Structure formats: structure tokens, C-alpha cells
Amino acid sequence: MTITLASASSGAVTTSSAYAAAGSARHTPLTQLDLLEAEGIHVIREVAGELERPVLLFSGGKDSVVMLHLAVKAFWPAPIPFPVLHIDTGHNFPEVLAFRDRTVEQLGLRLVVEHVQDWIDDGRLRERADGTRNPLQTQPLLHAIGQGRFDGVFGGGRRDEEKARAKERIISLRDDFGQWDPRNQRPELWNLLNPRHRTGQHVRAFPLSNWTELDVWRYIEREGIELPALYYAHEREVFERDGMWLAVGPHSTPRDHEQVSVRTVRYRTVGDMSCTGAVDSPAATVAEVVAEVAASTLTERGATRADDRISEAAMEDRKKEGYF
Amino acid sequence: MTHQSTMLRLATAGSVDDGKSTLVGRLLHDSKAILADQWDAVERISRDRGLTGADLALLTDGLRAEREQGITIDVAYRYFATEKRSFVLADCPGHVQYTRNTVTGASTADVVVLLVDARKGVVEQTRRHLAVAALLRVPHVILAVNKIDLVDDAEARFLEVAAGAAEVALGLGLADLRAIPVSALHGDNVVDRSATTSWYSGPSLLEVLESLPVGEVSDGEARLPVQLVIRPQGAVRPGADPDFRGYAGRLDSGVLRRGDEVQVLPSGRRTRVAGLWLGDRNIEEAAAPQSVTVELDDDIDVSRGDVISAVTAAPAVREFTATLTWLADTPLRPGARLLLKHGTRTVPVIIRALTGRLDLDALEQHATDVLSLNDIGAVELVAAEPLPVLPYAVSRHGGAFLLLDPSDGNTLAAGLVAG
Ligand SMILES: Nc1nc2c(ncn2[C@@H]2O[C@H](COP(=O)(O)OP(=O)(O)O)[C@@H](O)[C@H]2O)c(=O)[nH]1
């Protein structure tokens, strides 16, 4: 046979792609959110179809809530056929934990929690000098994956979040040590996902890879998805550190020179209370948040996460070790 | 900005130092996709390195090794939007594993932006990138003739380079190639039309990207590879039918409506669409590329890997010929026993014969008994089970497959069904 590179009648080339919008007059055109939703559901189903024991990382944060919403849609009317996992830093916002438990209960899911505090208490991990616990989550996460014999781990990471994440595949292989090797990733071809791996390895799957922060908020608005209340404007006692508003609480106490004030704030991300900052915001409804995010001049992490400011490669280093 | 806008997927390609990172950085920066803190970081690092201006390439080089070595290692994805449209950009590095990276980027791209250095013109790698774009049937290719600020008779040089590329494209049967003179460094014709290149009256790169038509996958025959059988049995959600039985999957192409007659491949059994669901929403019709759940009229045997398709679809076959891009370090030899993933079905396959290797420089085919990393070649395959393949020329999904290593699952090749 011969290799035909392309037919001479190249005007007839089909232009289908994973993302091409369907805009034919016969049906309602699909929006960008429709396309992202379709892709996310596809990823979740494909991993569930190929692997034995998937698990979904669920913290109660907005990205994991959206991912869980896609999972509900992916399997409806059957229940989600896998458990959810939370690595609890011990520095979580109480209202987010309450939201997490309520959601899990409503959906009848099994929740596995690994507590970073347990690791600190029995000496397997040491508290860091800066008190931040985000980097401490990696070992407990890998341990929980091993204990549960989970072979596929859904994460809510988005490629627009951070430069190292921009290099991440939708399906990303982790070696026997849970490590990510950015120099040796599988090619991502068409929409053919390949989560196969050897025993001992596992894959991370990121159904929201191609979503931006704005897409997430628009989708929350469109679908009427409930979130922990601290994503919306509320009054809170805060103090300024590293150019961010930190909440006054058991895990973040102001130092002598740090002035406490009550401000109207909201959170763009919810993580470790000791290093997740609130932003000044009057946005009390989802529509107002969408408008605010659309006009924002700072990235979500730049505005609110002290841990990612430590160095250029903070996220890359944590990801290589096996972080989310 | 409207979120009703269509999304355009673009992939970049080019040789090292042609200015690809600078161009991508320029595109992101000038279309205001860079937020203040990202820009601060770029300025800070540029200063630390003793540069006078901000190095735009830093916006895309995300890994430490990339920043340290000043190279781009792996495909990176970027997102930006203008008033007219939003974009997913796959930034594909040009050196190590460039065929692998370009194939990855091009497999889902609506358009490839190919960079050349105006001083060097069309080089070997330009021809290779054009060949890959043609092979993967990327609908549009834009040739960005970069560093136009560095050549003397810019107009003549631009026309010369554009003509050279057009000649290669013609030989390859590329659907659509257009050339734009740009300076990524100074921003000429990237977002805004440049006064410096007054001899050029065409649109800027961004203007072209904003106006390119995106293909409609809803055209063509309905095809839905089944991912899962949804059978809640006892555990049904409140309000749903306890006897529900549906087939979950994503439409590769076409439209499915309730009542449509369909067949299930490979068995060829015919039935009708009894219901369509998107989550808990009962819908009348679904269009590619939606992910839905299909109920069928008859209680026929359907499982993961089957394809629900229009009754006109061709029957499944066990033997076919294909073009492979070999992506693994270990070479391929005839007789190899591998796994093949097509749609949602993975089956054992034997490579019966290697019938040729494509010489991308001469664009000729040579006889061979081995395919090495980055080689493109033709093969004859026998699959353990019939597969409902379509020629890649007809369907970018129905004609695409992966070859996998049975021992560790690694992706070895990108496959295109011939015919
Ligand atoms: N004069 C000029 N220099 C450019 C232009 N585009 C890129 N460069 C320079 O070419 C070099 C390589 O650019 P870079 O973006 O890193 O190339 P890459 O390897 O293709 O990503 C850098 O020194 C850039 O500043 C241009 O349009 N004009």
C-alpha cells in the first residue's frame, strides 16, 4: 500500500475535533460550558470503565464540588461507583468540612479521610517552621492511595492554575513512588485516554484540565451548584500578612504588629487556613462572583495562596513528589 | 466576552529558537490574558537574569529545567479568550521528541501555527511539521514568518518563504495554509496589524485565529462508543426508574434523536433510541461531542467497547491497513503483538507486515522492516476482534487508534486507519 498523506480533494477534509462546536441549525448550538462538561464526563467515565478502583479527591472546595457534580451526571441514575477521599490538613475551615460531610451524606458516598494531624501526632511528619501544612499532604495522600489500593485518582486540578500544572496531562501516570515525571509523559492523542499502568503505579485524572477559573464559576452559576458560604462575601475578622487577608482563627493568629480588622471578604480558593488568604469583595451572589472573576487582574493562586509564592518551582516540586 | 463563543484549539510548532515561546507569550500578553501577578513574576526573573526587557518566553516555560536551560520540554496548555472566541493553545516544543509532541498537539487542533525564522525560511523541520499536519488532517495551518524585523528586504523575503511553504503544502494536499509576517519580539502583526510592515495588507495572527471557521462534528454519521453500561438496579437515584438500563458514551460525530434507528457494532444488531439523558435531564436529541446516556428499545446485548451508530455505518473488520507514528524508544518490527485502543475498545493485535516508512524530507515512501522513534510508516494489522473502524480521511475519531504496550500499558503509537 502507499501512504496517502492527504487526498487531493482536500477541500473535503472533515474538520472534526474533540472540541469543535456543533453549530448546525438542526439543534441548539453547544456552548463552551457544554463542551467542557462533555469532556469532563467523558474523562470520568473512561477512567471508571478502564480501572478497578478509582477514587475522587473531594475537599469541599469549588473545583472538587464541580468535579463531583460531573460525576453525578456521568453515572445518573446510578450512584457514583467509587468513594471520595479527603486529605485533611487539620487546618481546614470548619464550614468547609461541614459542607463536605453534608454533600457526601446527600449523595450516599463513602468518604475516606486521611488526617495530617495523625501523622504529626505520631511523628511521621514534622510541622514546618512556617506552620503551613499544604506541602505536608503528599505523604498522607500517597499512603491513603496505597491503603485503598486505588488505581485512579480524580483531582480537580486545572491547567490554567499554575505553570507546572499547564504541563500536566488529563490522564497522568504516577510511578511506584507516586512521583510525576514531567519529562516522560504519555502523548495525549485525540480523545483516546489511556489510563493503563503496571501494578504499583497509579494514574491521576483531571477532568477539569481545560477549565479556567471563570469557566468553573460560570458553570456553578448555570447549574445552580451549592458551595461553602465562604466563597461569597461575608464579614470576617482578618489581619494582613504577605499582602493577603488571613482569617483570625486557631491556625492563624496575628503577630503583635499585625492589626486585626473586620472586613467584607470572600475566598477564591479554600485550603489551609494558615496560608489561604481572603480577598476584599462585595460579591455576595454567584452572578456577582462571575463578574468579579471576569474582571480580576490577579490569578487565583497569586491572590490567595502563600505556599505558591515561596518559589518559582514550588508547585512543580510538590507535584513531582506526588502532590495533587 | 461571551461564553456562548466557540472554542478554537490551536497547536504551535516550530524549530528551536524560531521564537515560539516569545510568540505565545506575545499572544497571551497582547490579548491581555496575562494577569498582573504573572507579569510581575516574569519581570522579576528577567531582571534577575540581567535582561533589559521582560522575556516573554518565561510566560510559557513552566518547569524548572525549562527555565534553567532556556528550552521548552513538554507540551504546555494555555487558555485565553478575546471578545470573539476562547482558545485552548497546545504549545508544542520543537526539539526533542518533536514528532511526538507535534502529533499530540495536532491530533486535537483546529489550527496549527507553524513558526519559521524569516532568515532561515522553510527548513527540514518545517516540512516535517507540515507533513504531520497534513497526515493528521488539521483543517488550517498558519505559517508565522517570524523575526521579520531582522531581514533587509522584508517584503521580498516574506513572499519567498511563503511561496516555499505553499509549494510543500500543495504537494502534501494541505487543506488551508496562509502566511503572516510577524515579529514576536516587537509584536508586529501578532495581535495588532503593524505599521512597520506596511507592504502587508492582510490580517494579524489573532485576527485570523478569531475568524477561522471551526468544524462541525455534528455533521456526519452518528457514532457513540459505549463507555459504560448504566444499570442502577437497587441503588437508583430518587425519582428514577429502578429498571433503567442505559449506555453511557460521548458522540464522536453526528446527532442522535429519540426514535432514531441505530445499529450496535460490531454485532450489527438493529434497534431504536428509546431515550437520551444528559445527567438527570431527559433530552430529545444529542449532538457530538456531547456525553450522554442512551436507552435502546430492545433488550440487546451491549457492553463497553461497542459502538452505537447510524444504520448506514460500515461493518466491523478484523484486518486493515494503517499509518502509524511510532512514539516509543523500542522500535516496531513485523510480528509484534500489541494492544490496540479504538474508541472505547481495547483488543490484542498483531502487526502482520510493515509496508513502508515515510521519508519526511523527500516525502517518499521506502521499504523497511523496522519503525523507530518518530518514524511514520504503513502497516497491516490483524485484530483479535472485529473493530468498527472508519478511514481517518472520513472521521478523525472513527479512524484513530492507539497502540499500547501489553506489559505496562504505555502508548507506543498513534494510528490512522487507511482507505
Ligand atoms: N529580533 C527578533 N528576535 C526574536 C523574535 N522572536 C523571538 N526572538 C528571539 O529569538 C530567541 C529565541 O526565542 P524563543 O521564543 O525562546 O524561541 P523558541 O525556542 O522557539 O521558543 C530569543 O532570543 C528571542 O528574543 C523576533 O520576532 N525578532
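Note that the coordinates shown come from a computational prediction; the quantities given were computed from them, not determined experimentally. Naming: A, B, ... by sequence-line order, numbering from 1 per chain.
Of the residues considered (D280(B), V292(B), T344(B)), D280(B) shows the highest number of contacts with chain A, using heavy-atom pairs under 4.5 Å. The most heavy-atom pairs under 4.5 Å with chain B, out of A74(A), A166(A), G108(A), P195(A), come from A166(A). Counting heavy-atom pairs closer than 4.5 Å to chain B, the top residue among D160(A), T199(A), L173(A) is D160(A). Among P225(B), A248(B), A106(B), the residue with the largest count of heavy-atom pairs under 4.5 Å with chain A is A248(B).
If you measure heavy-atom distances from L8(B) to chain A, you find no contacts under 4.5 Å at all. When heavy atoms are compared at a cutoff of 4.5 Å, I230(B) approaches chain A solely by way of its side chain, counted from C-beta outward. For V229(B), no part lies under 4.5 angstrom from a heavy atom of chain A. Contacts of L70(A) with chain B are absent, with no heavy-atom separation under 4.5 Å from either backbone or side chain. Contact of L404(B) with chain A is made through the side chain alone, with heavy-atom distances under 4.5 Å.
Heavy-atom minimum distance, F75(A) versus L228(B): CE2-CD1, 3.4 Å. When all heavy atoms of P289(B) and A38(A) are compared, the pair lying nearest together is O-CB, 3.2 Å. Scanning both residues, K341(B) and L192(A), for their nearest heavy atoms gives O-CD1, 4.1 Å.
Using a 4.5 Å cut-off on side-chain heavy atoms (C-beta onward), E188(A) and Y77(B) make contact.
A distance-only check finds no donor-acceptor pair linking the side chain of K73(A) to the backbone of S291(B) [under 3.5 Å]. Judged by distance alone, with hydrogens and angles left aside, the side-chain atoms of Q290(B) form no donor-acceptor pair with the main-chain N or O of D34(A) at under 3.5 Å.
Results of the side-chain contact (heavy atoms from CB on, under 4.5 Å) test with R250(B) over E46(A), R45(A), E39(A) single out E39(A) as the only residue that passes.
Rounding to the nearest 0.5 Å places CH2 of W76(A) at 11.0 Å from CG of L278(B). Atom OG in S86(B) sits 7.0 Å away from atom CG in D215(A) (nearest 0.5 Å). Rounding to the nearest 0.5 Å gives a distance of 10.5 Å between CZ of R78(B) and CZ of R159(A). Note that the CG atom of L189(A) and the CG atom of L327(B) stand 6.5 Å from one another [nearest 0.5 Å].
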Query raised in the report: Please walk me through it: do D252(B) and N191(A) pass side chain to side chain contact (heavy atoms under 4.5 Å, CB included)?
Result: CA-CA 9 Å; D252(B) 271 352; N191(A) 62 1; 4.0 Å; yes
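Within a 6.0 Å sphere centred on CD of E105(A), heavy atoms belonging to other residues, nucleotides or ligands number 12 at most.
Residues Y79(B) and N210(A) bring a donor and an acceptor atom of their side chains to less than 3.5 Å of each other.
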Using a 3.5 Å cut-off and no angle test, enumerate the donor-acceptor pairs between side-chain atoms of residues 405-416 of chain B and protein atoms at least two apart in sequence or in another chain.
from, atom 1, to, atom 2, distance (Å)
D405(B), OD1, S407(B), N, 2.8
D405(B), OD1, S407(B), OG, 2.8
D408(B), OD1, N410(B), N, 3.0
D408(B), OD2, N410(B), ND2, 3.1
N410(B), OD1, R186(A), NE, 2.9
N410(B), OD1, R186(A), NH2, 3.1
T411(B), OG1, N194(A), ND2, 2.8

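Ring planes of Y392(B) and W190(A): perpendicular class, angle over 60° (limits at 30 and 60°).
With sequence neighbours excluded, the residues forming a ring-ring contact (aromatic ring centres under 6.0 Å, His included) with F87(B) are F80(B), listed by chain and number.
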